[in-house]
Amino acid sequence: MGTDISMYVEIESRGTIHRAPTWHLLTELDENSQEHEIYYGRRNYRLFAILADMRNPPGGTMDSQLFDFIDSIRGFPQDLSPELYDLTRSLDLYSSRSWLLLAEVLEFDWDGKVMVHEDWVNPALAHLFEQSKPYPFDKLPQLMNYDPYAEDGVIVRWTETYAESAEDFMVFLDKLKQYGKPSQIRLVFWFDH
């Protein structure tokens, strides 16, 4: 069983907080619909570690190093928007609920922080990781078909910036900037596990 995230966006305007409508990052937009909510819901344990120290270390490789994180789990804000309050009050999964201002997330050093990862791979594929290049995702099928307990495996290392580890979340952040001041935009999220 894994861990997932549900992340919504709230905007403060004239002293009132509302859930932000307009688009959904992960699905095709329905041509007949007029509004789409802003929502992020991809499973990315490295991102979870960076946002709120959830699943840190993220697993999936032999990483033993922890990610620096923006903040620990905070719980929901006391002034949660009525829309999100209604959405979440019947859910029974709130040991891992939190929030961050967009300003806090944008101030984090996504491009300056670097993580060194390591894993066990087939020796014939070790050259793909020479000089600590980013992970060779284009070779993923070959890499995934290797038995991690094989005696002839070798340890390889590669580096990623935190922005690279966050993947499409960085696109999500860029789109949020159009909604106003980062100090008035809040990401409200919880982890299902």
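Only a predicted model underlies this, so the values are computations on that prediction, with no experimental measurement involved.
With hydrogens and angles disregarded, no donor-acceptor distance shorter than 3.5 Å links the side chain of Tyr162 to the backbone of Phe69.
Taking the six-membered ring wherever Trp is involved, the centroid distance between the rings of Trp99 and Tyr8 does not fall below 6.0 Å.
Legend: residues meeting salt bridge (charged side-chain N to carboxylate O under 4.0 Å, His left out) with Glu104, ordered by chain and number and at least two apart, are Arg74. Under the rule for a side-chain hydrogen bond (donor to acceptor under 3.5 Å, both in side chains), Lys181 has no partner lying at least two apart in sequence or in another chain. Residues that satisfy the ring pair (Phe, Tyr, Trp, His ring centres under 6.0 Å) test with Phe189, not counting sequence neighbours, are Phe191. Remark: Glu160 pairs with Arg46 by the salt bridge (charged side-chain N to carboxylate O under 4.0 Å, His left out) rule, at least two apart or across chains.
The shortest distance between side-chain heavy atoms of Leu80 and Thr88 falls below 4.5 Å. Side-chain contact between Leu173 and Tyr40 is absent, with no heavy-atom pair separated by less than 4.5 Å. In this structure the side chain of Leu51 reaches within 4.5 angstrom of the side chain of Phe169, judged on heavy atoms.
Arg14 CZ to Gln184 CD: the interatomic distance, rounded to the nearest 0.5 Å, is 11.0 Å. A distance of 10.0 Å separates OG of Ser81 from CZ of Phe76, quoted to the nearest 0.5 Å.
In this pair, His117 and Phe67 present their aromatic rings tilted. The plane angle is within the 30 to 60° band.
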I'd like a table of donor-acceptor pairs (distance under 3.5 Å, sequence neighbours excluded) in which one partner is a side-chain atom from residues 105-113, with atom names and distances.
residue	atom	partner	partner atom	Å
Asp109	OD1	Gly112	N	2.9
Trp110	NE1	Val105	O	2.7
Lys113	NZ	Asp68	OD2	2.9

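Ile17 and Leu84 fall into different hydrophobic clusters, where Ile, Leu, Val, Met, Phe, Trp and Tyr are joined by side-chain heavy atoms under 4.5 Å apart, directly or via other members. The hydrophobic cluster containing Tyr85 also contains Tyr39, counting ILVMFWY residues as joined when their side-chain heavy atoms lie under 4.5 angstrom apart, directly or transitively.
The minimum heavy-atom distance linking Arg19 with Glu83 is given by the pair N-OE1, 3.3 Å.
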